[in-house]
Each structure stands twice: as C-alpha cells, then as structure tokens.
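The structure appears right after this line, and notes come after that.
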Amino acid sequence: MVEMTREIYWNIGHGASTLVPMYLLTLLAVALFVNEARKRIAGYRQGKSLNRTDNLPVRITFMLKSMLLQTKVMNVRGPGLAHALFFWGFFLLFIGTCLIVLQADFTDLLFGFKFLTGNFYLLFSVILDLAGLCAILMLAGLFVRRYFVRPEGLQNKVDDAVMHGLLFAILISGFVIEGARMAVTEMGTSLANWSPVGLLFANGLSGIGETGLRSLHMYTWWGHLLLVMAFIGLIPFTKFRHIFTTSANYLFADLGPKGKLVALDLEDEDAESFGAASIQDLTWKDIFDGDACTSCKRCQDRCPAHTTDKPLSPMKLVQKIGEVAHNTPDANLIEACDKDAIWACTTCRACQEICPASVEHVGKIIDMRRNLVLMEGEFPGEEVMTAMENTEVNGNPLGIGYASRGDWIEGLGIKTLAEDPDVDILYFVGCYASFDARNIKIAKAFIQLCQAAGVKVGILGKEEKCCGEPMRKMGNEYLYQTLAAENVELIKGYGITKVVTSCPHCFNTLAKDYRDFDFDVDVESYTS
C-alpha cells in the first residue's frame, strides 16, 4: 500500500550541507529586504505625525478583509479578478511552503512528528497543485495585459518585467521540481493523481531516465531557492513592495467621515508656514501612500481633470511625492508636482473611492493649495481671485449683494429666523439656491413640500453666508474658517437643533467639517 505522504528533502538531503546554505541564503535575502525597508521607513519619518492606530479592532478587520478577500482590488472586475486569483493562488503556495518548513525543519526534526500525511496530505497536495496552476494562468493573463494589450496610461518599468519574470520562473521551476520527483517516486501510483499538474510535468519528463531526473531535480531545486531569495530581496526596491505597503495602508486607512478635511491651526504662533511646500510639511501617511500605490491607474482613469486633458494624474502626483521624499527631500514639493496639476483637481474624490490601496490623494493637493494661497497669495486665475473677494465682501462668490439673499422667499409665507426663530428646521439655502434662477426653483419646491407636510421652515436670509467649501477646497483656509465660525455662531445663537440643505457641498461641509467648530447640530440633505 502506498504511503500517503512524501519525502520532503528527497534527492537533496536534510543535513547540514543543505540546511546551512539554505538558511544562510534566506538570512541574506531577509537582511537585504530589511536594510532597504529601513531606509524607506526613514523616508516616511520625514513627514509630520498622524495617528492612524486608533480603533485597532476596526482597522485590523478592514485590513484582513481587504487583503485576504481582495475586496477593493475587485472593484474593477477584469484585472481585479485576475489579480485576486493570482494572490489567492500564490498565498496558498506560501502557506504550503511554510507548512513544509514547519514539519521538515521543526516538528519532525525536533520531535519526530509529521502532520503532512494521510488525507490531510492528499488535500494539501491537490490544493497546492491547483493553486500553482491558477497563479501561472493569472500571471500570464496579467503579463499579456501589460505587454501586449496594454491599456493607455498603464506604466511599464524595468522592475515590472524583472519581477514578472522571477514569478514565472519560481512557479514553473516549482512544477519542474515536483514533476522530476514524481517521475521517479510516484509514477503509476494512486498518489500521483492527487498532484494533477505535477503529473503532467512528470509525464513530460519521464523519458529522461532516473539519473537525468535526479540531476534535473537537484539543480532546479537550488535554482528555485535562489529565485525565491532574489524575489524576496528585491521586493523593497521595486513596485512589488506594495505586497506589504498596500496591506499596511488598509490598516492606516482614514476612518473618519468621507470628504472631511483636516483643519489647519491658524492660531499656531510657532508655525513658520501653512500648507505643504516641502516633504516635511506633509504627514508620514502622505509619503507612505507613494509606496502603497500599485500604479494600476484606476484613479487616473476616473479623474475628470485627466479625462478632460488637464495636466493632472492623481497616480503620478502621489508617486512624485514618494520620489521626492526618498530621492530629493529638500526639493520644492509644489514645483515637483506641477502647479497646474495641483490646481486642476476638482476634489471630487473619485480617485480615492476607486483606489485599491487606500491611497489618499485629495488631502495632499489641498495642503499644497493652502501653501500657495496662504503663503504666496497665488490663485489659479482672475476668476478665482474675484470669487474670493466677492465672498469676503458679500458672503457669496457670485458678487451679489448679501441683503438680497432671502428675496426669493417672497410670497411663500415663510420668514427669516430674525423675524421668527421658532421653527422645526432651518433651511440652509446656500449661494446658488439663493441667487441662481434654476436653483431657486428647487428651493421653492422644497419649501412647498415642507409646508404640505406641516413642517415649519425658516431661513437665515441676509445673515447667511457661504458655507466656505469652495474657498477651502481652493486652499483659502483662512476665509473658510472665518465663514464657518460666523455661520456656526449664528445658527447656535438661534438655538437650532436641525438643519436641512439642498446643496451637496453645504451638506458635506456642515455635516462634517463644521464639527471642528463644536457644531453638534443635526444636519440632513433635503433628499433624506
């Protein structure tokens, strides 16, 4: 009866002549990896502190789900599914290798205990064979996509080709090793059927003869080991560092409300500048994002600025920040990233929503805009500067007198809070619904619906000012904070407990950003 297991170091030997060089090579590869990783970490530490280790149970759960289930990767089905299948195949091979090392070099060597036997070994064998086949097929598909039907904008670098080649060589050589062993030890037995891919290789190699098979097995085994060690050692030097950095980025993901920006402390007397003009002005997470980026170009594909031929690629901007941090940390960050690209961003967050690596693009851009506006007094054009001046004078970017902000309610039978503060809800109208003819129709329809439902509505009228969102997104944090503080003080002064707005920009700003001003009023969209 055939024993349902195999000799792990068959034809190689399990003595010092095998283990010593094998583990020395492993230590060398790990040392190379750690040394380069240490340098990368030093680059991250140039950035400012940022707490991304709070609420660890939630963070760890999100990391494991995103990494093991590849949920974010598969948001784009085609290449996403191929990557996920490759990951699962390669991950199973890694687990299998760990189990082999655990038995051969620890449990069996030290205690004489073997667990890769019987039905467990049969399951182990067939799973690893199919995992290896899946990994090869998916890697081939990704190779064809990258080099033969390459989508526009997909970057190809030397390290991509090198690492692709290494992965192919590792997977194929693994099956050659298995096939040579099986051709000598398992051909004609029922055990061979549990390694279907290995059996194909064994059949193809069986004509070599036992002596040739043993030589092929030994040389390929050592070559396979060298390939694996080379792959491990090269990881931190190449884009494949994302194996670790992207996984870590899931742990460091922003758990706050989507779209909420980090407020600047404009009262900080020790601050030499505001916004980001150098790598040191960003946070460590901003720099780390550059290494977490997988160059998949999903952000670029969905960026409205890039789609309309503006000079912005969210992917390249994040990568440029990483390059500056690790290569030229004293360089002017804004010049390196290109001012035109910085101003082209619409802050829609489409890039962040689709990113499979939890990279945060928008905050970096806003910080660089803050420096341009607050420190250099620079705007992208006269129209933007005029809008800022209009807001400072009239409380809205349209330049229309603030006294007429509530004129649209004439004949609707509602009042401003100054006239009657006893209301069920405050309708925060916003600039366009106050002055733009098309948006005024929407505002009137909302009021009429509330009246039909018996909900008493009030508005601020001429006391209301722009929520400040456009100013903030353009980098004018000072004007935003001024407007926000005035609006918050006004609303809280009337004792309002519920605010409704029909403007999505106002809703996001009041519901999320105004919380920095101790604004605990319930805010809802008119669509709720």
Side-chain angles (χ1 to χ4, degrees), residues 28-54 59 63 67 155 157-160 162-163 230-254 262 271-297 299-300 313-339 341-342 351-352 355-371:
L28 178 63
V30 171
L32 187 64
F33 179 102
V34 170
N35 185 58
E36 180 61 20
R38 180 184 57 81
K39 295 177 182 178
R40 307 299 294 188
I41 292 172
Y44 311 147
R45 287 177 173 167
Q46 296 176 91
K48 295 187 294 187
S49 63
L50 178 69
N51 183 12
R52 286 295 176 86
T53 55
D54 60 310
R59 292 184 177 279
M63 177 187 70
M67 178 178 66
Q155 296 177 323
K157 297 182 179 180
V158 173
D159 63 314
D160 294 316
V162 170
M163 299 302 270
F231 180 80
I232 292 172
L234 288 174
I235 285 175
F237 295 91
T238 69
K239 185 189 74 177
F240 278 72
R241 69 177 74 93
H242 79 265
I243 296 171
F244 298 95
T245 54
T246 296
S247 300
N249 224 25
Y250 296 143
L251 183 70
F252 302 141
D254 185 1
V262 177
E272 297 180 2
S273 65
F274 295 108
S278 68
I279 282 296
Q280 293 75 22
D281 294 327
L282 294 173
T283 69
W284 65 263
K285 173 64 165 59
D286 292 321
I287 302 171
F288 187 79
D289 278 345
D291 276 356
C293 176
T294 64
S295 301
C296 67
K297 80 179 187 69
C299 59
Q300 179 176 291
S313 164
M315 174 184 70
K316 292 179 181 178
L317 184 140
V318 168
Q319 292 172 346
K320 177 58 69 174
I321 289 174
E323 290 173 10
V324 170
H326 295 293
N327 300 323
T328 55
D330 295 328
N332 184 289
L333 184 63
I334 295 174
E335 291 180 1
C337 292
D338 184 7
K339 289 182 184 179
I342 293 168
C351 50
Q352 291 184 208
C355 179
S358 287
V359 170
E360 298 160 23
H361 311 72
V362 176
K364 303 170 179 50
I365 294 173
I366 297 299
D367 271 341
M368 288 187 277
R369 286 180 177 180
R370 284 168 170 170
N371 186 269

Query - Any side-chain donor near an acceptor of the partner, Asn51 and Thr53, under 3.5 Å - result: yes

Requested in this report: Taking atom types as modelled, find out whether Thr246 and Asn249 have a side-chain donor-acceptor pair closer than 3.5 angstrom.
Outcome: no

Using only atom types and a distance under 3.5 Å, with no angle test, would you say the side chain of [X] pairs donor to acceptor with the backbone of [Y]?
X	Y	answer
Asn35	Leu32	no
Thr328	Asp330	no
Trp284	Gln46	no
Gln352	Val362	yes
Asn371	Met368	no
Arg59	Asp54	yes
Asp291	Thr245	no

Straight-line distance of [X] [atom1] to [Y] [atom2], nearest 0.5 Å:
X	Y	atom1	atom2	result
Gln300	Cys351	CD	SG	11.5 Å
Asn327	Lys320	CG	NZ	9.0 Å
Gln155	Ser295	CD	OG	5.0 Å
Cys293	Phe288	SG	CZ	12.0 Å
Thr238	Asp159	OG1	CG	5.0 Å

**Report entry** NZ/NE/NH1/NH2 to OD/OE distance under 4.0 Å, Lys239 and Asp160
**Finding:** yes

Query raised in the report: With a 4.0 Å cut-off, would you call Lys316 and Glu323 a salt bridge?
Result: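 Salt bridge: no.
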
Distance-minimising heavy-atom pair for [X] and [Y]:
X	Y	value
Val324	Ala336	CG2-CB, 3.7 Å
Ala276	Asp281	CA-CB, 3.4 Å
Pro356	Thr294	CG-OG1, 4.3 Å
Phe252	Arg52	O-NH1, 2.7 Å
Ile287	Ala325	CG2-CB, 3.4 Å
Ile334	Lys339	CG2-CG, 3.6 Å

**Report entry** Which residues share a salt bridge (Lys or Arg N to Asp or Glu O under 4.0 Å) with Arg370, sequence neighbours left out
**Finding:**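 Salt bridge (Lys or Arg N to Asp or Glu O under 4.0 Å) check on Arg370 returns Asp367, Glu477.
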
Report task. Tell me, please, which residues at least two apart from Asp289 pass salt bridge (Lys or Arg N to Asp or Glu O under 4.0 Å). Result -> Lys285, Lys364

Report task. Determine the sole option in Ile366, Ile365, Leu333 for which the side-chain contact (heavy atoms from CB on, under 4.5 Å) test with Ile342 is passed. Result ->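 Among Ile366, Ile365, Leu333, the one that satisfies the side-chain contact (heavy atoms from CB on, under 4.5 Å) with Ile342 is Ile365.
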
Query raised in the report: Please walk me through it: do Ile321 and Cys337 pass side-chain contact (heavy atoms from CB on, under 4.5 Å)?
Result: CA-CA 7 Å; Ile321 289 174; Cys337 292; 3.9 Å; yes

Side-chain contact, heavy-atom cut-off 4.5 Å: [X] with [Y]?
X	Y	result
Lys48	Leu282	no
Asn332	Ser278	no
Lys39	His326	no
Cys355	His361	yes

Query raised in the report: Step by step, would you call Phe237 with Arg40 a side-chain contact (heavy atoms from CB on, under 4.5 Å)?
Result: CA-CA 9 Å; Phe237 295 91; Arg40 307 299 294 188; over 6 Å; no

Query - Residues that Phe33 engages under ring pair (Phe, Tyr, Trp, His ring centres under 6.0 Å), provided they are two or more places apart - result: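 With sequence neighbours excluded, Phe33 shows a ring pair (Phe, Tyr, Trp, His ring centres under 6.0 Å) to Phe244, given in chain and number order.
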
